[in-house]
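One structure below.
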Amino acid sequence: MSLGRRLRRRYQVKILTVLRFLPDRSGAPPVPPPWDPFEREIPEDLLTSPGELRDPVEEERIAREEPLHEFFSVHPEASEFIVAHGRGFLQSTFTRLARGVHRIRRATRFRPSPNRSPASAAEMTSILRLEAERIGLSRIGIAPNDPKYTFPESDAKQLPNVVVCLVEQDWELTQMIPSDEAEKSAMYGYSEGMTRAAQLAEFLKRMGFDAAPQGFPGDAITIHYGVASGLGQLGLNGQLLTPEAGSRCRILLLTTDAPLTHDSPVDYGLHKVCDECKACVRNCPVGAIPQTRRPYRGVVKSKLNTVRCLPVVAQASGCAVCMKVCPVQRYGLEAILDHREQTGEILGIGSDELEGYDWPLDGRHYGPGETPKVGDEVLNNPDLVFDFSRKEPPPGIGPIRFVG
Ligand code: SF4
Ligand code: SF4
């Protein structure tokens with residue numbers, strides 16, 4: 001790796017720190033209000049299992065033998081290519097992202113009060129949920145910290161409880177996927193998520209507990225914690241589907257030693273909804289989404305074909321067609337259940353409103369089930385240096401430092 005590249009990686013957080021002083025001209029829309037509790041009863045014929053089916057012995061074995069690592073550390077060359085191709089949505093959102101990173105770093109340095117709250121775990125959990133709502137997080141969930149899903153190169157302190165913070169993305173912008181405009185809504189979600197997770201960490205510290213917020217892109221497999229804390233289930237598109245907004249939300253984590261009551265995985269019937277829907281499978285431009293789930297690292301899930309997906313994500317404004325065409329993302333689970341009850345069908349399936357999209361690489365509109373031809377110049381772009389077999393960061397490469 002060249003000296004220039006090494007220096008850029010080394011000073012990336014310092015660059016972000018400076019960028020936060022630039023005026024914010026992003027025009028980001030306001031964050032939607034916090035979600036009401038999801039109380040809809042799930043029909044019996046949609047129920048499968050709370051969260052995901054797991055084989056704990058296999059999960060332990062694979063985590064021991066092949067620990068997970070943060071993507072950008074394992075593939076530094078690919079991440080530079082992704083950033084270079086992401087200028088259209090990164091340039092105008094950098095300032096906001098930089099402010100989020102700054103809040104994370106400030107909250108990390110903030111000292112816990114010496115007067116620890118005597119509240120019980122149940123009381124602390126209620127207090128924390130109220131504060132999260134006041135801060136404007138869409139919802140939080142609480143799970144035990146699980147080292148199997150934390151990256152060994154994490155620079156955030158690992159405390160026993162994980163607070164999973166969700167921030168909903170703007171609906172209008174998200175329906176413009178795939179485009180730079182839509183991708184900005186994800187960046188806004190990350191910046192707001194970092195800022196609000198940092199605020200929640202500072203709140204815990206004022207109550208006398210330790211708390212460590214994590215930056216974007218994170219120090220752990222965030223969707224694992226989303227499932228473990230009952231916020232959603234995994235969709236066939238490989239993303240965390242929340243009943244309120246599907247995957248139209250960003251997930252930020254913080255760990256804490258505050259006494260808290262853990263949430264549990266929930267069965268929202270989403271596995272069966274996916275089996276009846278499969279819109280993402282049909283509409284993925286490169287056929288990267290399997291029809292069925294299979295065991296992977298001890299969890300039964302849909303394992304996307306990264307070799308086909310990643311070049312498209314990098315070069316087609318983040319792609320995310322699998323998010324755009326998802327009815328849970330667009331309409332929410334409640335509307336889907338109502339429609340299914342009345343018609344026996346999944347809301348929006350076969351409609352251009354849901355399954356149609358404009359493809360940024362050729363400017364054409366594709367309707368339900370139509371997919372653009374993605375050529376070799378994208379799938380095998382020689383500038384995208386990406387060793388798919390690499391499982392660990394190459395020598396000399398450290399993670400993006402958010403905290404230090
Ligand atoms: S991001 Fe695009 S290429 Fe990747 S799985 Fe989703 S639809 Fe397919
Ligand atoms: S598009 Fe359909 S199949 Fe894919 S994740 Fe969403 S609900 Fe599941």
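Along the sequence shown, the residues carry numbers beginning at 1. Whatever order the structure lists them in is the order used to number ligands and atoms, beginning at 1. Any value given below was found using the heavy atoms of this structure, including those in side chains, with hydrogens, waters and symmetry copies removed.
- Looking at A316 against ligand 1, nothing comes within 4.0 Å, counting heavy atoms.
- For H339, there are no ring pair (Phe, Tyr, Trp, His ring centres under 6.0 Å) partners at least two apart in sequence or on another chain.
- Taking the salt bridge (charged side-chain N to carboxylate O under 4.0 Å, His left out) definition, one finds that R390 meets it with E77, sequence neighbours left out.
- Remark: minimum distance from atom 2 (Fe) of ligand 1 to any protein heavy atom is reached at C319 SG, 2.3 Å.
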Stepwise salt bridge (charged side-chain N to carboxylate O under 4.0 Å, His left out) test for R103 and E202: CA-CA 10 Å; R103 283 309 305 262; E202 285 177 10; 3.2 Å; yes

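- One finds the CG atom of L337 at 5.0 Å from the CZ atom of R40 (value rounded to the nearest 0.5 Å).
- Every atom of ligand 1 with a heavy atom of V313 under 4.0 Å away is listed here by number and element: 1 (S).
- Within the 3.5 Å criterion, the main-chain N or O of Q214 finds no donor-acceptor partner in the side chain of D219.
- Considering only non-hydrogen atoms, atom 8 (Fe) of ligand 1 lies nearest to C284 out of C284, S302, C309.
- Remark: ligand 1 atoms within the under-4.0 Å shell around heavy atoms of A320 are 1 (S), 2 (Fe).
- Less than 4.0 angstrom separates some heavy atom of P285 from each of these atoms of ligand 1: 7 (S).
- A cation-pi geometry, defined here as NZ or CZ lying under 6.0 Å from the six-membered ring centre and within 45° of its normal, holds between K303 and Y296.
- When the heavy atoms of L304, V281, V286 are ranked by distance to atom 5 (S) of ligand 1, first place goes to L304.
- Close approach of ligand 1 to V321 (heavy-atom distance below 4.0 Å) involves ligand atoms 7 (S).
- At a threshold of 4.5 Å between non-hydrogen side-chain atoms, the residues V163 and T256 count as touching.
- Listed by chain and residue number, A143, H224 satisfy the side-chain contact (heavy atoms from CB on, under 4.5 Å) test with A228 (two or more places apart in sequence, or in another chain).
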Would E65 and R61 satisfy salt bridge (charged side-chain N to carboxylate O under 4.0 Å, His left out), going step by step from the backbone distance to the final call? CA-CA 6 Å; E65 293 176 10; R61 183 196 69 76; 2.6 Å; yes

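- Below the 2.8 Å limit, atom 6 (Fe) of ligand 2 has as protein N, O or S neighbours C326 SG.
- Taking SG of C326 as the start and CG of L270 as the end, the distance is 8.5 Å to the nearest 0.5 Å.
- Listed by number with element, the atoms of ligand 1 under 4.0 Å from a non-hydrogen atom of I289 are 5 (S).
- Atoms of ligand 2 lying under 4.0 Å from any heavy atom of K278, numbered from 1 in the order shown and given with element: 2 (Fe), 3 (S).
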Please determine whether side chain to side chain donor-acceptor pair (under 3.5 Å) holds for the pair Y149 and E59, giving the CA-CA distance in whole Å, both sets of side-chain angles, and the decisive distance to 0.1 Å. CA-CA 10 Å; Y149 292 96; E59 267 185 292; 2.4 Å; yes

